[in-house]
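Note that these values count all heavy atoms, side chains included, but never hydrogens, waters or copies made by symmetry. So that the names make sense, note that chain A is the first sequence line, chain B the second, and so on, each numbered from 1.
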Number of protein chains: 2
Amino acid sequence: MSVKLRMAGHLIRRLHQVSTHIFTQRMREAGFDLTPVQFAALESLRHNPGTDQAGLAQAVAKDRATIGAVVDRLEQKGLIARSVSQRDKRARVLALTEQGQNTIAAVLPVVEALQRDMLPGLSDAEYAQFIALASKAAEAAETLDTGAG
Amino acid sequence: MSVKLRMAGHLIRRLHQVSTHIFTQRMREAGFDLTPVQFAALESLRHNPGTDQAGLAQAVAKDRATIGAVVDRLEQKGLIARSVSQRDKRARVLALTEQGQNTIAAVLPVVEALQRDMLPGLSDAEYAQFIALASKAAEAAETLDTGAG
DNA sequence: AGAGAAAAGTAAGTAGACATATCAATTCTG
DNA sequence: CAGAATTGATATGTCTACTTACTTTTCTCT
């Protein structure tokens with residue numbers, strides 16, 4: 001067994017790559033042009049309309065600069081609206097447009113359906129276990145303040 | 001429980017982020033300037049000197065274009081040597097320089113030591129289980145030809 | 001041997017990801 | 001209330017990552 005197959009970091013990078021690949025592929029097949037992060041942003045705004053970019057960044061665990069660029073593209077696609085906040089002129093209030101709402105509604109089942117395929121070769125029990133372990137680790141990391149801020 | 005916490009893709013992205021963050025941080029603390037992928041490339045070349053860029057790309061599961069850029073930077077840092085292959089003038093033969101060998105030797109224990117911290121909040125048994133499940137999924141994905149080629 | 005397919009590397013373009021610095025606005029503190 | 005610290009957003013730079021297109025070289029098959 002090579003070194004890389006023992007390395008948590010390498011395995012995680014590999015899984016990340018696979019999941020991104022599957023996401024992009026299925027999305028294109030379904031006739032949509034959304035990246036994983038763009039989807040995450042839309043999904044987050046669906047539940048929390050009216051947040052600003054910093055809030056969105058925190059919600060999807062990315063930094064402000066990254067989310068700024070993501071928001072630019074989503075705005076250009078007409079999926080979200082960006083406006084200056086009244087109470088804080090620094091902040092940009094975000095919300096889904098009608099087209100954005102339609103898109104997320106249409107796309108959600110596709111995304112739910114592909115989750116399972118991101119971890120091929122695992123039984124249902126193993127899949128559930130993986131999700132449980134990953135959740136536990138991710139939450140612990142969040143507590144340790146490790147990651148994007 | 002929010003949607004994103006059920007989503008395999010989101011969890012994997014989050015773990016990827018945490019692992020990259022820890023890697024970069026510890027590396028810098030140890031006085032080195034190596035990214036995860038640069039490390040993976042060096043580690044691969046240590047075991048397989050004389051491969052070309054396409055071979056390296058396959059070994060670390062990235063595409064040729066990405067590895068080309070990574071190799072550029074490693075060459076500039078003086079860690080690897082790149083030369084035109086005699087038997088195939090298209091190919092670039094790669095090998096660690098002496099500095100590259102010293103670097104990977106010095107860095108390996110640091111990297112081994114931080115693997116565990118990439119998955120915080122997991123017991124030793126859970127960590128082992130995660131590695132096993134991730135390996136299984138990654139290998140299955142490889143078989144399905146999903147990912148970079 | 002010669003034509004066509006395949007492969008190695010590179011270039012250009014897009015997107016994510018983050019650090020750092022900067023600017024403007026807001027909040028905290030003395 | 002004035003100055004300081006903080007925060008929201010953006011700009012810049014670096015690195016990863018992949019696609020598509022292109023050149024050069026090699027391989028294959030007739």
Check your understanding: What's the closest nucleotide to the B:Asp88 side chain, out of C:dA19, D:dT26, D:dG8?
Key -> D:dT26

Check your understanding: If you check every side-chain atom of A:Arg82, which of D:dT10, C:dG9, C:dC18 has the closest atom?
Key -> D:dT10

Study note, to complete from the structure: note: B:Lys89, atom NZ; C:dG9, atom C1'; distance rounded to Å ~ 16 Å

Exercise for review: List the atom of A:Ala140, the atom of B:Pro120, and the distance in Å for their closest heavy-atom pair.
Suggested key: CB-O, 3.4 Å

**Study point:** B:Ile67 reachable from B:Val93 in the ILVMFWY side-chain graph, under 4.5 Å edges
**Key:** no

Study note, to complete from the structure: On DNA chain D, more 5' by nearest nucleotide between A:Arg92 and B:Arg87 is A:Arg92

Check your understanding: Between D:dT10 atom P and A:Leu56 atom CG, what is the distance in whole Å?
Key -> 12 Å

Review point. How are the rings of B:Phe23 and B:Phe39 set relative to one another: parallel (under 30°), tilted (30 to 60°) or perpendicular (over 60°)?
Key: tilted

Point to revise | Euclidean distance, atom NZ of residue A:Lys62 to atom P of D:dG8 [Å, nearest integer] | key: 18 Å

Review point. For the residue pair A:Asp33 and A:Gln38, what are the closest heavy atoms and their distance?
Key: O-OE1, 3.8 Å

Review point. Could you state the CG-P distance from B:Asp63 to C:dT10, rounded to the nearest angstrom?
Key: 13 Å

Point to revise | Any side-chain donor near an acceptor of the partner, A:His47 and A:Glu43, under 3.5 Å | key: yes

Exercise for review: Rounded off to whole Å, could you give me the CG-to-C1' distance for the B:Asp72 and D:dT14 pair?
Suggested key: 14 Å

Check your understanding: Of B:Val93 and A:Gln38, whose nearest nucleotide on DNA chain C comes first from the 5' end?
Key -> B:Val93

Point to revise | Value in whole Å for how far the P atom of D:dC15 lies from NE2 of A:His16 | key: 19 Å

**Study point:** ring-ring contact (aromatic ring centres under 6.0 Å, His included) contacts in which one or both residues fall within residues 89-134 of chain A, not counting sequence neighbours
**Key:** A:Phe130-B:Phe130

Study note, to complete from the structure: Against the side chain of B:Thr66, the closest entry in D:dA17, D:dA9, C:dC18 is D:dA17

Exercise for review: Look at all strands and tell whether B:Ala65 reaches a base, only sugar-phosphate, or nothing, counting heavy atoms closer than 4.0 Å.
Suggested key: base

Practice item. Ignoring hydrogens and angles, state whether a donor on the side chain of B:Thr66 or B:Asp63 is under 3.5 Å from an acceptor on the partner side chain. Key: yes

Practice item. Write out all pairs satisfying salt bridge (Lys or Arg N to Asp or Glu O under 4.0 Å) with one or both partners inside residues 91-102 of chain B, taking only residues at least two apart or from two chains. Key: none

Review point. Within less than 4.0 Å of OP1 or OP2 of D:dT7, is there a side-chain N or O belonging to A:Gln53?
Key: no

Exercise for review: Would you list the pairs meeting ring-ring contact (aromatic ring centres under 6.0 Å, His included) in which at least one residue belongs to residues 63-96 of chain B, sequence neighbours left out?
Suggested key: none

Point to revise | Atom-to-atom span, CG of A:Leu74 to P of C:dA15 - whole angstrom | key: 10 Å

Exercise for review: Name all pairs fulfilling the ring-ring contact (aromatic ring centres under 6.0 Å, His included) condition that reach into residues 70-91 of chain B, sequence neighbours left out, sorted by first residue then second.
Suggested key: none

Review point. Tell me: CD1 of A:Ile22 to P of D:dC18, nearest whole Å?
Key: 13 Å

Exercise for review: Using a cut-off of strictly less than 4.0 Å, decide whether A:Gln17 has a side-chain nitrogen or oxygen near OP1 or OP2 of D:dA17.
Suggested key: no

Review point. By a strict heavy-atom criterion of less than 4.0 Å, which residues belonging to residues 28-36 of chain B are in contact with DNA chain D?
Key: B:Thr35

Pairwise N/O distances under 3.5 Å, protein to nucleotides 1-7 of chain C:
from: C:dA7; atom 1: N3; to: B:Arg90; atom 2: NH1; distance (Å): 2.6

